[in-house]
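Have a look at the structure below before the remarks.
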Amino acid sequence: MKYEFHKIEKKWQKIWEEEKTYAAVNGGGKPKFYALVEFPYPSGEGLHVGHPRPYTAMDIVARKRRMEGYNVLFPIGFDAFGLPTENYAIKHRLHPRTVTERNIKRFTEQLKTLGYSFDWDRVIDTTDPSYYKWTQWIFLKLFENGLAYKTEMPVNWCTSCKCVLANEEVVDGVCERCGSEVIRKEKSQWMLGITKYAQRLIDDLDGLDFIERVKTQQKNWIGRSTGAEVDFATTAGDTMTVFTTRPDTLFGATYMVMAPEHELVDRWARIITNFGEVEAYRLEAARKSELERTELSKEKTGVELRGVRAVNPVTGAEIPIYISDYVLATYGTGCIMAVPGHDQRDWEFARVFGLPVIEVVKGGDVEKAAYEDCDEGVMVNSGFLNGLPVEEAKRRMTDWLAAKGLGREKVNYKLRDWVFARQRYWGEPIPIVICPRCGYVPLPEEQLPLLLPEVESYEPTDNGESPLAKMRDWVETVCPKCGGKAERETDTMPQWAGSSWYFLRYMDPRNDRALASREALQYWNRVDWYNGGMEHTTLHLLYSRFWHKFLYDIGVVPTPEPYAKRTSHGMILGEDGQKMSKSRGNVINPTDIVNQYGADTMRLYIMFIGDFEKAATWSSEAVKGCKRFLDRVWNLGEKLASDKSGGEEHLKANEASLHRTIKKVGDDIEAMKFNTAIAAMMALVNEFYEKGAGRGDFRTLLTLLSPFAPHIAEELWELMGFGGAGLCCRQPWPAYDESKTVETEKTIAIQVNGKLKGTVTVPADADDETVVAAASGEEKVKNLMEGMELAKAIVVKNKLVNLILKPKKLDNRPDGGL
RNA sequence: GCCGGUGUGGCGGAACAGGCAGACGCAAGGGACUUAAAAUCCCUCGGUGGCGACACCAUACCGGUUCGAUCCCGGUCACCGGCACCA
């Protein structure tokens, strides 16, 4: 009989579905384990070969945990709001709902052919009103707690999507999604106060089992820096407060710079004698897109504000004030003290405008470049700081400023609040009513979900308003507070909203009274192991940690952190080593591979392809190797099945390898070294072919293989008649005996003077004398020892012996020869 | 520029508390079985020299520590990822 994977895979998928083999139960005596993968965006292209890599990996982990006796929750769902669907719907004159349903159906079918052990009873869809009701509910809670607010501010505006973007969505000055130009636009926006959580988002990383690069990337993104705020008096009477990480260099501050947008510029409009010139510069800066602003960063530009000067609080000197776009309005206080001697940007600006450069830290040559080093160098030209090292000077100056009431210690973050509104249709409506008398009024909870209205056209508008704004009978409503005429908020939430809490919904997906019951939240507690892409580190992963902390603070969830462990997989590249894309024509469709070789081969290959954490290049040729391996397993199984003894004997010859393989496969799964786990099983099968195998040996192999290739494992399990009606995936994970993983004899390497000369077989754990004697007895070593004596022997137990030889002293020669 | 990471056969990749470099697989070559092909099975497979048992050179490059270095240390080069005028 041939290995008919099509028939076998369909058969077992049907059985698992009917038996609900992998359904999780909320409660019971077993310990719980929550394994999570990032739920897919159901795009029109269907499943991508990038999906099966993390999904198969976590499926293997989930299956192993079940065999180890855990009650496993391994859910899946769909993150279905979003622009591609909406754009596709517009183009084909369909409703986004229709498109979404069709895509979800297709994704579901494709995922099912891969035999994942998802709990299909818990599937969620973020666009389902019974789901987004709770997304809206969380928004109301954020609003209630002052963490959702609306403000007028410059935002990133994608010219093609006609929609604002979060800072995290702007990459290299262009839209992360469509690659179009992003410009700055002044707009009234809903914001979420993630910056209030900045410190906790850094601190709590310490207790988590996240891979290191995720932690550092999040820390860098949040970008904490400590320094001081310093107040500068001005001749206009207003105080200019700046943030600096180098208060020690205050004596070297020779001028000030403000962001062009800074409000003080407006306030001083009448005092500034060259206001026309200033306005012109401001207009020019505002017109620049993100891209231009970063690209044109070569030469510093700016305009002095004539008529106003600032006073350096330590020197008492009056110094000029400039505006320049190298100072960001959104960081710190929007203005800086410039220390051209010790900040390269200030140095460049000073050179363009011929401003004085004062050296206040000795060690560099401020004529040639700014000297920024903090570790070496002592203070000069700095009054009471002279002679101090930099770190000490920072402390002294901060204390001095605090004592005088001119400054204070300050921590700043690069992280900015989260722009939480999109001017598009296919997203969660924001449940807020704008009342001319009461302001922003939250919708009462009982009115949730606030449904998306049926709209004729989803076309984005050019004036920056959501398509919902055109739905007058939806927009016009009454104020829940005063009952007067009012309007609904017409922006929708960004795609990141639904995915910021989805893992909680899986715990209790059909609950209509809460996002999940208290018991369910308590029971599943938090995700034990979450695997996902590095590209989500500063977006989804950070956002969802923020939401979770908020939910913890208001007593909804029992833990301050949502994920105990986070790992990440590398990308699958096309056969040409390039990122897969339609335009390159190098896209691999996993369903094609399943049809040609079967799901088990697909699963095995995607895990065997290389180091899980690194990018890997797809090879259509190499897939065959995994298929051959399964063929060999199948053929061996058939042969053994014909033995009707029904016994489960083990061959003594396989004992050590078998125990070693159990250990290796188990350890490798935990370390996500799936490629070497598979290699170990391949080696074991090769050994079975050489030495033969007992039915018991094969039984163990099947249990090890079943998380990787579950269909063939079940079929052979049944064919062999193991475990009666019990499925292979219900068997306990095999145990190994450490003492049996060691061989009784070891082949060790012989080195002479550090060079490999051969090998010798000795009993395991043989002592040094035995090893040296055995090595010295080897023919080749004997020859090399001719005329030499053994100076030293280094023995590494069970591994190697190194004999250090040197020429024999001719000690019978008479001294001096006299 | 800053912060991470990675450089190993024709290819994907193993081996890292310093201890036989190249597991496992792909491709390639040879052989067996076939009328033939596919499939399967067996053998070879880092480089150079030699008929040969063998010798020498090889883990991006240069140096160091060590009995011994792909691994540790110093320097150089290349590639990948993240951040990027964050004061």
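Below, read A as the first sequence line, B as the second, and so on, with proteins coming before strands; counting in each chain starts at 1. These figures come from a predicted structure and were not determined experimentally.
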A/E391: salt bridge (Lys or Arg N to Asp or Glu O under 4.0 Å) partners, not counting sequence neighbours: A/K394
Contact list please: residues 330-337 of chain A against RNA chain B, heavy atoms, distance less than 4.0 Å, in numerical order. A/Y331, A/I336
Taking atom C1' of B/rA15 as reference, at what distance in whole Å does atom CZ of A/R660 sit? 15 Å
For nucleotides B/rG12 and B/rA21, find the distance between their P atoms and express it as a whole number of Å. 23 Å
Please confirm whether the shortest side-chain N or O distance from A/K2 to OP1 or OP2 of B/rA38 is below 4.0 Å. no
Can you run down the side-chain hydrogen bond (donor to acceptor under 3.5 Å, both in side chains) pairs that involve residues 671-680 of chain A, sequence neighbours left out, and say none if there aren't any? A/D668-A/T676
d(OH, A/Y3; P, B/rU40) in whole Å: 14 Å
Nucleotide B/rC85, atom P - distance to CZ of A/R351 in whole Å: 19 Å
Short side-chain N/O contact from A/K755 to OP1 or OP2 of B/rC57, under 4.0 Å: yes
Can you tell me the distance, in whole Å, between the CD1 atom of A/I606 and the P atom of B/rG13? 13 Å
Residues that A/E613 engages under salt bridge (Lys or Arg N to Asp or Glu O under 4.0 Å), provided they are two or more places apart: A/R213
A/Q344 atom CD is separated from B/rC2 atom C1', nearest whole Å, by 14 Å
Heavy-atom protein contacts under 4.0 Å, nucleotides 16-28 of chain B, coded B base, S sugar-phosphate only, - none: ---BBS-BBSSS-
If the P atom of B/rC62 is compared with that of B/rA23, how far apart are they to the nearest Å? 26 Å
Closest non-hydrogen atom pair between A/I609 and A/T617, with its separation: CD1-O, 3.6 Å
Given pairs defined as Watson-Crick or G-U wobble with both distances under 3.5 Å, what dot-bracket annotation applies to RNA chain B, with ( ) intrastrand, [ ] crossing, | other strand and . unpaired? (((((((..(((......[....))).(((((.......))))).((((....))))..(((((..]....))))))))))))....
Name all residues meeting the ring pair (Phe, Tyr, Trp, His ring centres under 6.0 Å) criterion together with A/Y597; count only those two or more places apart in sequence or in a different chain, and write none if there are none. none
For A/Y255, check ring pair (Phe, Tyr, Trp, His ring centres under 6.0 Å) against everything at least two apart and list the hits. A/Y322, A/F349
Taken to the nearest whole Å, CG/A/D576 to P/B/rC11 is 17 Å
Starting at atom CG of A/L790, determine the distance to atom C1' of B/rC67, rounded to an integer number of angstrom. 12 Å
Set of residues satisfying side-chain contact (heavy atoms from CB on, under 4.5 Å) with respect to A/Q344, sequence neighbours excluded: A/W347, A/E348, A/A369, A/A370, A/E372
For the pair A/D631 and A/R628, find out whether any cationic side-chain nitrogen is under 4.0 Å from an anionic carboxylate oxygen. no
Please work out if A/K797 contacts a base, only the sugar-phosphate, or nothing of the nucleic acid, heavy-atom cut-off 4.0 Å. nothing
Base, sugar-phosphate, or nothing for A/D611, non-hydrogen atoms under 4.0 angstrom? sugar-phosphate
Could you tell me how far apart A/F232 (CZ) and B/rA87 (C1') are, to the nearest whole angstrom? 12 Å
Once you apply a heavy-atom cut-off of 4.0 Å, does A/T245 come out as touching a base, just sugar-phosphate, or nothing? sugar-phosphate
In chain order, what residues pass the side-chain contact (heavy atoms from CB on, under 4.5 Å) check against A/T770, with sequence neighbours excluded? A/A766, A/D767
Could you pull out all residues at least two apart from A/D231 that satisfy side-chain contact (heavy atoms from CB on, under 4.5 Å)? A/T239, A/T241, A/R408
Give me the distance, rounded to whole Å, that separates B/rC11 from B/rA27 when you measure between the C1' atoms they each carry. 7 Å
Is the shortest distance from a Lys or Arg side-chain nitrogen in A/E38 or A/R566 to a carboxylate oxygen in the other one below 4.0 Å? yes
By salt bridge (Lys or Arg N to Asp or Glu O under 4.0 Å), A/E575 pairs with (sequence neighbours left out) none
